[in-house]
Engineer: 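Quick one: this structure, given as structure tokens, is what I'll be asking you about.
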Amino acid sequence: MEASALQRIADLAGAGHNLRNQVTVQLRTDEEGYLGRECPEQECLGYFKITPGTGIKGPAPCHCPYCGHSGDPKTFFTQDQIEYAQSVAFRKLTDAVFRDLKALEFEHKPKGPFGIGISMKVTQSPPRPIRYYREKQLETEVTCDTCGLRYAIYGVFGWCPDCGIHNSLQILIKNFELAGKELILTESADKDMARHLIEDALENIVSAFDGFGREVCRRKSADIHFQNLAGARRRVQEVFGFDFADGISSDDWRQAVRTFQKRHLLSHKMGVIDDEYIQKANDPVAIVGRRVQVGRVEVTTSIGIVEKLGRRLFAGMLHPSP
Ligand SMILES: [Zn+2]
Ligand SMILES: [Zn+2]
């Protein structure tokens, strides 16, 4: 986002000699370098922040991260910014008019015993206050890995205000990286802690994929859950006509399904194997009533497989060539 184009609001035609035909008001960024933005769409009016100077160089349309509306960056000023700019412009205007009138002051002293003096004094009434404002605190900060824009939004998911790419895949990959770090920590942990970390990493992978998949489908007005991987694959095929697992082998698919079934046991059955798991997970070492085993290598491999599924889903649904 071009810094200079964004930070200025030109407003109010000037009347005095001290002003040209417009007043320029500089908007300041907040202490973290962000400038607030507001979607102009009446049903949305979503508030977000961007960092001028990051992202696409040169003029580019602004995209609302929440509803996807795109338009001229000049239409994305917040109500607070407009009120501030108007108050500053009004102050500049009245100051200029005052200076112009002040220059016309005159005083003719009375002459002779019966002379009448004429004078004009120009005084200024108390100035109208400047409407200062603070930008709001938001919940998620993102640096777009496509265009480099630094932005902040409510919630987690959104479209990049500069290049318009949806951040869901980027956030999915970030969550997988965190799960990978958990797995690295197991090297220096004792047995119980290592098991806890591995199982937690596995649960995080599934939750992240579920959140990602739901969000991507919601963008296309479909409500599909992804904790049951096989069910989600069928639903996406039915609704959107493509298979997000068409880029992986059947062995990899079986492993992904098993990973998701293990997570189901860990989240809902204290990790104890039941009949449903035996039917669905295709796990040759599983015995009903025993605790499910999750290996570190298995989780690492699953991350790679599920990432491929995520990339395919993202390309098929939102951005054909991310
Ligand atoms: Zn919007
Ligand atoms: Zn971007």
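Throughout, numbering of the chain's residues begins at 1 and tracks the sequence. Just so you know, ligand 1 is whichever comes first in the structure, and atom 1 is the first atom listed for that ligand.
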Engineer: Before we go on, tell me: are the rings of W159 and H63 under 6.0 Å apart, centre to centre?
Structural biologist: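 Not under 6.0 Å, so no.
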
Engineer: Nearest 10°: the angle subtended at the Zn ion (ligand 1) by C64 SG and C44 SG?
Structural biologist: 110°

Engineer: Could you walk me through whether Y151 and E141 pass side-chain hydrogen bond (donor to acceptor under 3.5 Å, both in side chains), step by step?
Structural biologist: CA-CA 6 Å; Y151 63 98; E141 297 188 18; over 6 Å; no

Engineer: Return yes if a side-chain donor-acceptor contact under 3.5 Å exists between T51 and R150, otherwise no.
Structural biologist: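 The answer is yes; a qualifying pair exists.
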
Engineer: For the residue pair L202 and K262, what are the closest heavy atoms and their distance?
Structural biologist: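 Smallest interatomic distance, heavy atoms only, reads CD2-C, 4.2 Å.
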
Engineer: Taking 2.8 Å as the upper limit, name the protein N, O or S atoms near the Zn ion (ligand 2).
Structural biologist: C144 SG, C147 SG, C160 SG, C163 SG

Engineer: Please report the C-alpha distance between Q81 and E135 in whole Å, then the side-chain angles of each, then the deciding distance to 0.1 Å, and finally whether the side-chain hydrogen bond (donor to acceptor under 3.5 Å, both in side chains) criterion is met.
Structural biologist: CA-CA 9 Å; Q81 289 166 348; E135 297 294 4; 3.1 Å; yes

Engineer: Please report the C-alpha distance between S267 and R263 in whole Å, then the side-chain angles of each, then the deciding distance to 0.1 Å, and finally whether the side-chain hydrogen bond (donor to acceptor under 3.5 Å, both in side chains) criterion is met.
Structural biologist: CA-CA 6 Å; S267 298; R263 178 259 161 203; 3.3 Å; yes

